[in-house]
Amino acid sequence: MALSRSARWGALATAAASFLVISASSAPTPGADGIGDVYFPQLGNGGFDARHYDLALAYDPGTDRLDGRTTITARATQNLSSFDLDLQKLEVSRVEVDGRKAKFTRSGDEIRITPRGAVRKGRTFEVTVAYGGVPEPLGGPIVFGSDYGWMKTADGVFVACEPNAASTWFPSSDHPSDKAAYDIRIKAPRGLTAVSNGRLVSTYDKGASTYTHWRETKPMATYLATATIGKFDVRTGTTPGGTPIYVAIDPVLANGNDVDVYGVTAEATDYWSQVFGPYPFEETGAIVDDMPQAGFSLEVQSKPAYSAVRNESTIVHELAHQWFGDSVSVAHWKDIWLNEGFATYAQWLWAEHRGTRSAHDSFLAGYDSRPAANAFWQTVVGDPQRDTMFASAVYQRGAMTLQVLRERIGDKAFFKLLPAWTELHRYGNADTDDFVRLAERISGRQLDDLFRTWLFTPGKPSL
Ligand SMILES: [Zn+2]
């Protein structure tokens, strides 16, 4: 057992119980302006649970202007006098709650909305926000020093938002712990292709515009949404295992690929479905855009987005995230190793599958190449801090943790644990304590020491 967790969950359960008693008869109060993430205190919002987003977007790459109308269907989790949404920088022109104009104020990245009447706890309501402006990407140290978010390209826009840039292009409860289904409708200049999550519902030309409607029916974290627009060569089909596939490649890159994106995506989707459990979404695929300024790729739900840099190992990493990160999402950003450690470990498993290197040897290569004095060993993988949440140790030491676990509990338990994890938390959220508890349950071993050493203790562990 993980000792810290029973104490923590006991306290939470007590707090929740008293809250329920009070709120049943309490006067409406404002929803919290954040969801309680220590890395991003203002992200997400309290007092409601977003269930569905309808995004209507019109983007003109010529002027860079985005005009949007977002309708969120949500369920109140308290009696609400007002509530917040997250929106960075863009102008809001009108807000409605259940079709009636509502008052709103702006403060930093928050929109505070006051409906005409209070929203009763348990009620489902709709909030519509009309907004517009020129979206700007975010920068700073978080994503390898790269810009991220709404990124203008030569022929449109590349949209990849982890961890906090979804709210630069649509009003939302911008935190992975509040997942929802999506309809995404995009109006773009005629001749451009708009690519988004889930499955294509319709696309047609009218006048000077192309209208495209995508639908993601499975719960999705805000940062995994995209509305990438540009010139694309699209290839669709079905993987040998039976999953629909949609691959969009910028024609500028068509001849420069040294990897068959469509073929590897199909093969890895099917292979991971055997190792990790059934593919969680309705479609797999890829968006490969000419965006050299984005120094990263992102596991956009159902269609990972790749900037100009790509290879087979990157593709299998992003597809492994469809299970680890997209279907099973972090409860708090400090748990990010549950995404990156697992997706990195998937790269090791892929090399093992290909017969090029065993996961044990991948472990040793990473372990031996870094002396104990290397700063790499000082990152606390289980709580890496906001600005270093994507430090290489989160990936590499996270993956090492899984190899150490595998060698401790044996292949049989380990390869039972991975699909058990994706099944238990499918479409939901989970944290490190949940993983430790499941690993202990499936293996019948006490594993506190292993995870304490590898995830929470700075320094190079001895073998
Ligand atoms: Zn990753």
Side-chain angles (χ1 to χ4, degrees), residues 39 141-149 158-166 176 197 220-226 259 261 264-265 268-269 271-272 275-276 279-281 284-289 291 294-351 359 362 366 376 379 381-382 384 386-403 418 421-422 429-430 432 435 455:
Y39 290 4
I142 297 178
V143 183
F144 319 115
S146 172
D147 281 358
Y148 60 101
F158 176 81
V159 184
C161 297
E162 190 179 24
N164 60 334
N197 313 91
M220 179 165 76
T222 45
Y223 78 91
L224 297 171
T226 195
V259 56
V261 176
V264 174
T265 296
T269 299
Y271 182 65
W272 292 149
V275 180
F276 302 144
Y279 182 69
F281 305 119
T284 187
I287 304 167
V288 187
D289 205 354
M291 187 61 219
F296 62 92
S297 300
L298 180 69
E299 60 269 26
V300 161
Q301 187 155 312
S302 80
K303 284 172 204 67
Y306 305 93
S307 57
V309 184
R310 71 214 159 273
N311 51 50
E312 185 169 302
S313 192
T314 302
I315 294 171
V316 306
H317 175 108
E318 302 306 345
L319 286 172
H321 273 309
Q322 301 302 312
W323 287 261
F324 304 103
D326 294 10
S327 174
V328 182
S329 301
V330 293
H332 300 279
W333 281 114
K334 70 181 171 64
D335 298 314
I336 186 66
W337 87 278
L338 291 171
N339 296 7
E340 301 306 346
F342 283 64
T344 303
Y345 192 71
Q347 293 173 275
W348 297 2
L349 286 177
W350 187 261
S362 291
F376 171 90
T379 299
V381 173
R386 188 192 70 175
D387 288 353
T388 45
M389 62 185 281
F390 297 111
S392 66
V394 173
Y395 293 70
Q396 297 296 327
R397 187 169 171 167
M400 289 180 201
T401 304
L402 292 172
Q403 181 61 21
L418 295 181
W421 173 250
T422 67
N429 298 86
T432 300
F435 184 70
L455 296 180

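Numbering of ligands and ligand atoms starts at 1, following listing order. Counting begins at 1 with the first residue of the sequence.
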Can you classify the ring geometry of Trp272 versus Phe276 as parallel (below 30°), tilted (30 to 60°) or perpendicular (above 60°)?
parallel
Once you round to the nearest 0.5 Å, how far does OG1 of Thr226 lie from CZ of Phe158?
7.5 Å
Any residue meeting side-chain hydrogen bond (donor to acceptor under 3.5 Å, both in side chains) with Trp350, in chain and number order, not counting sequence neighbours
Glu312
Atoms of type N, O or S from protein under 2.8 Å of the Zn ion (ligand 1), total 3
Apply ring-ring contact (aromatic ring centres under 6.0 Å, His included) to Trp337 and Phe342, showing your working.
CA-CA 7 Å; Trp337 87 278; Phe342 283 64; 5.4 Å; yes
Under 3.5 Å, is there a donor on one side chain and an acceptor on the other for Asn197 and Ser302?
no
Can you find a heavy atom in the side chain of Ser392 that is under 4.5 Å from one in the side chain of Phe376?
yes
